[in-house]
Amino acid sequence: MGKPAYREIERWSPNNHGRGGAKVTNFFLHTQEGDGTAESLAGYLQNPASQVSYHYTVDNSGVVCDVVDTDMCSWSVLDANPISINLCFAGSRASWTRQQWIDRMGRGIEIAAWLAVQDCKKYGFSTNVIAPPYKRGPGISDHRYVTKVLGMGSHTDVGDGFPWDVFAGHVNAITNPNSTPTPGGFLMALNDAEQRELLDHVREIRKQLGPWPQLGKNKKGQDLTLVDSVAKNIAKADI
Ligand SMILES: [Zn+2]
């Protein structure tokens, strides 16, 4: 999948400051909790009195506003500002259901995935999508990650209804353009820790299958596998 169509507009806000040499490791998604568009929300963020900003505002009409240069901190996530790039879905609410997200922000979600992947590459951090219940690490997550994992503040956006699988499917399609989609959509991308866990479990299961000395031996004197042993015992039991 290539770059989605969108219109990018510069709406620079004074609400920013330098990163102080911090390395960017995360891209965070936010809701507006209001009924704005990318442009109207950017207008609010341009007001110094608002004391808040994001790097990007995105809406479902395909408009992206550049509000803060990604080399600078936006004012979005307290002490996590120096290590993060922040994007707000204009007009969105954390109380939205999965269907509301898909119906009202489906296009915006794809654009957000594209912007996130570009910045992950630009700043050299992982495109792992860190969905709830969250695992700490570099990658793409949301404001609640900052609350739950980093222990900063109390915001819960983007909320329980956010379709992380849809978002991760876009990220996967952008990062692996030659991968084949499964009939039901893209598989959820596993992060490094989950891949390790999966491999460990597969190895453990493989080991359990044998061969094991305690399962008995075949005619050649070799230890039996679990399947051989069960088969032998069924034969013996004459089921
Ligand atoms: Zn937020």
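Values in this document were obtained by computation on a predicted structure and should not be read as measured data. For ligands, and for the atoms within them, numbers begin at 1 and follow the listed sequence.
Considering just the N/O/S atoms of D157, the one nearest the Zn ion (ligand 1) carries the name OD2.
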Side-chain donor-acceptor contacts of residues 62-73 below 3.5 Å, not counting sequence neighbours, with atom names and distances?
| unit_1 | atom_1 | unit_2 | atom_2 | d |
| --- | --- | --- | --- | --- |
| D69 | OD1 | D71 | N | 2.8 |
| T70 | OG1 | Y123 | OH | 2.7 |
| D71 | OD1 | Y123 | OH | 2.5 |

Distance-only donor-acceptor hits, side chain of residues 202-210, under 3.5 Å, sequence neighbours excluded:
| unit_1 | atom_1 | unit_2 | atom_2 | d |
| --- | --- | --- | --- | --- |
| E204 | OE2 | Q208 | NE2 | 2.9 |
| R206 | NH1 | G210 | O | 3.3 |

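Coordination check, D142 versus the Zn ion (ligand 1): failed, since every N/O/S atom of the residue sits at 2.8 Å or beyond. The nearest N, O or S atom of H30 is closer to the Zn ion (ligand 1) than 2.8 Å. Because the distance cut-off is set at 2.8 Å, H143 qualifies as a neighbour of the Zn ion (ligand 1) through one of its N, O or S atoms.
Between Y145 and F28, the angle of the ring planes lies from 30° to 60°, which puts this pair in the tilted group.
No donor-acceptor contact under 3.5 angstrom links the side chains of S50 and N47, judged on distance only.
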